[in-house]
S.K.: 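Following this message is one structure expressed as structure tokens.
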Amino acid sequence: MRHSLILGTTLALTLGAVSAASAATLDEVKARGTLKCGSNPGLAGFAAPDANGVWHGFDVDVCYALAAAIFGDPAKVEFTPLSGETRFTALASGEVDVLVRNSTWTFSRDVDLKLDFVGVNYYDGQGFIVSKDLGVTSAKELDGATVCIQTGTTTELNLADFFKANGMSYQPVPIQTEAEARQQFLAGACDSYTTDASGLAAVRATYPNPENYIILPEIISKEPLGPAVRHGDNQWGDIVRWTFNALVEAEELGVTKDNLDEMKNSDNPEIRRLLGVEGNLGGMFGLSPDWAYNAIKANGNYGEIFAATIGEGTPSNLARGLNAQWKDGGLMYSPPFR
């Protein structure tokens, strides 16, 4: 009996500690009055401040949606620019609450670094960009080339694997940021620059003569990019995960930034639950019933954000591809809101 009492007391204390830990980040964010979001220092279309210091882009719009879900105000977010080498340390140390910075979900980052990737907001793969003057049309023609490579990223290992598998050699030119890579590549310090294909498109869009540069056809890796949070705070992970899911689900259901109020009158139970008209999903993790409504209102659903920031017709000019809705042949798919 005594053993049962001790076991029960221990279990109660453990559950109490877990419960307290699970609410820690949300409590801190609410007490602070702002969300701290770790972002890229500057990647056109994904994350970059304008002349007035206001951040715009595909990744930072997730942070605006999250701030709106928590506070009802997308402006209550502070962005911390992080390099490839500092991003995970900043998240683990609590310098930022969430990392939304074109970061690849990998086994070691999930398990060893103790991060939770709560979803994939962009399915990508590593590629190469070269000047047309180099005269190559395939990455398999880069034997002996100098290659600009950002340190602290998965691209370093992928690059080594690709060249080894194809019996080629290369000379790495280490760089710290996309801005440095752009400068070094344009200055001729390297024959090629390699990173995620989406990043190459974003970088090329900033070149004075983008038509003089080509992205080679090979995609040499899988790069599922997405928001990350720290291990051990399930409530916070759920909030970030389901805020992103709300953007994806809204697109599938035809809920847009402009028709939100009209859609509140929908007969579709899924839409009504999503927008907080029926039930109280938000209350399950400490937010208001209209948390998803506010998240979508910030900058629109997933498709609207994609089109406005990196889609076809923008400087990045990226097709949806794998990032299309599942009904359209892509991989974007939200679990049900019920």
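In this text the structure is predicted, and so the values were computed from the model without any measurement.
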S.K.: For A139, is there any backbone N or O sitting under 3.5 Å from a side-chain donor or acceptor partner on E218?
M.R.: yes

S.K.: Give me each pair satisfying disulfide bond (SG atoms under 2.5 Å apart) with a member in residues 274-337, each pair once, sequence neighbours excluded.
M.R.: none

S.K.: Supply the atom-to-atom distance L157 CG to T106 OG1, rounded to the nearest 0.5 angstrom.
M.R.: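 With rounding to 0.5 Å, CG (L157) is 9.5 Å from OG1 (T106).
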
S.K.: Could you check whether T177 and Q150, counting side-chain N and O atoms only, form a donor-acceptor pair closer than 3.5 Å?
M.R.: no

S.K.: Test of understanding: with side chain to side chain donor-acceptor pair (under 3.5 Å), list the residues that count as partners of T146, not counting sequence neighbours.
M.R.: D191

S.K.: Can a donor-acceptor pair be found between the side chains of S83 and E85 at a distance below 3.5 Å?
M.R.: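 Not at all, the side chains of S83 and E85 share no donor-acceptor pair under 3.5 Å.
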
S.K.: D261 vs Y293, test: side chain to side chain donor-acceptor pair (under 3.5 Å). Steps then yes/no.
M.R.: CA-CA 9 Å; D261 290 317; Y293 170 97; 2.7 Å; yes

S.K.: So which heavy atom on P227 is nearest to which on V100, and how close?
M.R.: CB-CG2, 4.0 Å

S.K.: If you group Ile, Leu, Val, Met, Phe, Trp and Tyr by side-chain heavy-atom gaps below 4.5 Å, do I219 and L225 land in one group?
M.R.: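 No, no single cluster joins them.
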
S.K.: Going from CG on L66 to CG on D61, what distance comes out if it is rounded to the nearest 0.5 angstrom?
M.R.: 12.5 Å

S.K.: Show, in sequence, the C-alpha distance, side-chain angles and deciding distance for V277 and I271, and conclude whether the side-chain contact (heavy atoms from CB on, under 4.5 Å) test is met.
M.R.: CA-CA 8 Å; V277 179; I271 293 176; over 6 Å; no

S.K.: Counting C-beta onward and ignoring hydrogens, is there a side-chain heavy-atom pair between E223 and T154 closer than 4.5 Å?
M.R.: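 Yes, close enough: below the 4.5 Å cut-off.
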
S.K.: Taking atom types as modelled, find out whether S266 and N268 have a side-chain donor-acceptor pair closer than 3.5 angstrom.
M.R.: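 Looking only at side-chain atoms, N268 and S266 do not form any donor-acceptor pair under 3.5 Å.
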
S.K.: Could you label the plane-to-plane angle of the W291 and F285 rings as parallel, tilted or perpendicular, counting under 30° as parallel and over 60° as perpendicular?
M.R.: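 Answer is perpendicular, since the angle exceeds 60°.
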
S.K.: Just so I know, are the side chains of L260 and K264 near enough to count as touching, which here means a heavy-atom distance under 4.5 Å?
M.R.: no

S.K.: Looking at every non-hydrogen atom in both residues, tell me the closest pair between S316 and G45 and how far apart they are.
M.R.: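 Heavy atoms only, the tightest pair is OG-CA, 4.3 Å.
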
S.K.: Tell me, with the steps shown, if Y170 and F162 meet ring-ring contact (aromatic ring centres under 6.0 Å, His included).
M.R.: CA-CA 11 Å; Y170 69 98; F162 176 76; 9.6 Å; no

S.K.: Can you list the steps and then say if E262 with N259 is a side-chain contact (heavy atoms from CB on, under 4.5 Å)?
M.R.: CA-CA 5 Å; E262 178 186 345; N259 70 12; 4.1 Å; yes

S.K.: Answer with yes or no whether the hydrophobic clustering places V136 together with Y213; edges join I, L, V, M, F, W, Y residues whose side-chain heavy atoms lie under 4.5 Å apart.
M.R.: no

S.K.: To the nearest 0.5 Å, how far apart are NZ in K132 and CD in E211?
M.R.: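 Reported to 0.5 Å precision, the distance equals 7.0 Å.
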
S.K.: Closer than 3.5 angstrom, by distance alone: can the side chain of N301 be matched with the main-chain N or O of G303 as a donor-acceptor pair?
M.R.: yes

S.K.: When you compare the side chains of D233 and T25, does any donor N or O come within less than 3.5 Å of an acceptor on the partner?
M.R.: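 Result is yes, a qualifying pair exists.
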
S.K.: Walk me through whether I129 and L216 qualify under side-chain contact (heavy atoms from CB on, under 4.5 Å).
M.R.: CA-CA 6 Å; I129 189 170; L216 299 177; over 6 Å; no

S.K.: What's the verdict on side-chain contact (heavy atoms from CB on, under 4.5 Å) for V173 and I149, showing C-alpha distance, side-chain angles and the deciding distance?
M.R.: CA-CA 6 Å; V173 179; I149 180 78; over 6 Å; no

S.K.: Report the residue from W55, F71, F79 that forms a ring pair (Phe, Tyr, Trp, His ring centres under 6.0 Å) with Y64.
M.R.: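 Testing each of W55, F71, F79 against Y64, the sole residue satisfying ring pair (Phe, Tyr, Trp, His ring centres under 6.0 Å) is F79.
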
S.K.: Does the R109 side chain pair with the main chain of T104, one donor and one acceptor, at a distance under 3.5 Å?
M.R.: yes

S.K.: Would you call D116-R241 a salt bridge at under 4.0 Å N-O?
M.R.: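 So D116 does not pair with R241 through a salt bridge.
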
S.K.: Rounded to the nearest 0.5 Å, how far apart are CZ of F128 and OG1 of T155?
M.R.: 9.5 Å

S.K.: Taking atom types as modelled, find out whether T80 and E95 have a side-chain donor-acceptor pair closer than 3.5 angstrom.
M.R.: no

S.K.: If you group Ile, Leu, Val, Met, Phe, Trp and Tyr by side-chain heavy-atom gaps below 4.5 Å, do V248 and V98 land in one group?
M.R.: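 Yes, because V248 and V98 connect within a single hydrophobic cluster, where side-chain heavy atoms sit under 4.5 Å apart.
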
S.K.: Is it true that the side chains of T89 and T86 contain a donor and an acceptor less than 3.5 Å apart?
M.R.: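 Result is no, nothing qualifies.
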
S.K.: Scan side-chain atoms only and decide if N158 and Q126 contain a donor-acceptor pair under the 3.5 Å cut-off.
M.R.: yes

S.K.: Could you check whether any side-chain N or O of R87 sits under 3.5 Å from a backbone N or O of L99, counting only pairs where one atom can act as donor and the other as acceptor?
M.R.: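 Looks like no, no N/O pair under 3.5 Å.
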
S.K.: Could you report the tightest heavy-atom contact between L82 and R101, atom names first, then the distance?
M.R.: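 Shortest heavy-atom separation between L82 and R101 comes out as O-NE, 2.5 Å.
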
S.K.: Please tell me if the side chains of H56 and T309 come closer than 4.5 Å, counting only heavy atoms from C-beta onward.
M.R.: no

S.K.: Output yes when a side-chain donor or acceptor of E304 lies under 3.5 Å from a complementary backbone atom of K257, and no otherwise.
M.R.: yes

S.K.: Can you check whether K114's main-chain N or O pairs, donor with acceptor, with R230's side chain at less than 3.5 Å?
M.R.: no

S.K.: Using ring pair (Phe, Tyr, Trp, His ring centres under 6.0 Å) as the criterion, list what pairs up with Y123, not counting sequence neighbours.
M.R.: none

S.K.: Return the orientation label for the W242 and F337 ring planes: parallel under 30°, perpendicular over 60°, tilted otherwise.
M.R.: perpendicular

S.K.: Hey, what do you get for CG (N280) to CE (M284), rounding to the nearest 0.5 Å?
M.R.: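 So the CG of N280 and the CE of M284 are separated by 7.5 Å.
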
S.K.: May I ask you to check whether W326 and E252 show a side-chain donor-acceptor distance below 3.5 Å?
M.R.: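 A pair is found: one side chain offers a donor N or O, the other an acceptor, under 3.5 Å apart.
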
S.K.: Which heavy atom in L186 sits nearest to a heavy atom in P208, and how many Å separate them?
M.R.: CD1-CD, 4.3 Å

S.K.: Can you run down the disulfide bond (SG atoms under 2.5 Å apart) pairs that involve residues 225-290, sequence neighbours left out, and say none if there aren't any?
M.R.: none

S.K.: Quick one: pull up CG in D110 and CG in L115 and give me the separation to the nearest 0.5 Å.
M.R.: 7.5 Å

S.K.: Please examine the side chains of V29 and W236, heavy atoms only from C-beta on, and report whether any two atoms are closer than 4.5 Å.
M.R.: yes

S.K.: Side chains of D59 and N121 only: does a donor on one sit below 3.5 Å from an acceptor on the other?
M.R.: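 Yes, N121 and D59 have a side-chain donor paired with an acceptor closer than 3.5 Å.
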
S.K.: Under a 3.5 Å threshold, yes or no: a donor from one side chain and an acceptor from the other, between S198 and D124?
M.R.: yes

S.K.: Identify, with sequence neighbours excluded, every residue that meets ring pair (Phe, Tyr, Trp, His ring centres under 6.0 Å) alongside Y193.
M.R.: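 By the ring pair (Phe, Tyr, Trp, His ring centres under 6.0 Å) rule, Y193 matches no residue at all.
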
S.K.: Taking the side chain from S138 and the backbone from K140, do they hold a donor-acceptor pair closer than 3.5 Å?
M.R.: yes

S.K.: Could you list all the salt bridge (charged side-chain N to carboxylate O under 4.0 Å, His left out) pairs where at least one residue sits in residues 321-338, not counting sequence neighbours?
M.R.: none

S.K.: When clusters are formed by joining ILVMFWY residues with side-chain heavy atoms under 4.5 Å apart, either directly or through shared neighbours, do I220 and I215 land in the same one?
M.R.: no

S.K.: Is it the case that one hydrophobic cluster holds both Y302 and V120, taking links as side-chain heavy atoms less than 4.5 Å apart, direct or via other members?
M.R.: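 Cluster IDs for Y302 and V120 match.
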
S.K.: Under 3.5 Å, side chain of K76 to main-chain N/O of I70, donor-acceptor pair present?
M.R.: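 Here the side-chain-to-backbone pair does not exist.
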
S.K.: Quick check: closest heavy atoms across Y122 and I310, and the distance to 0.1 Å?
M.R.: CE1-CD1, 3.7 Å

S.K.: Would you say D143's side chain and S169's backbone share a donor-acceptor pair under 3.5 angstrom?
M.R.: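 Checking the backbone N and O of S169 against the side chain of D143, a donor-acceptor pair under 3.5 Å is found.
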
S.K.: Between Q184 (side chain only) and E180 (backbone N and O only), is there a donor and an acceptor less than 3.5 Å apart?
M.R.: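 No, because the side chain of Q184 does not come within donor-acceptor range (under 3.5 Å) of the backbone of E180.
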
S.K.: Check L247 against G300 and note the closest heavy-atom contact, atom names and distance.
M.R.: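 Taking every non-hydrogen atom into account, CD2-O, 3.7 Å.
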
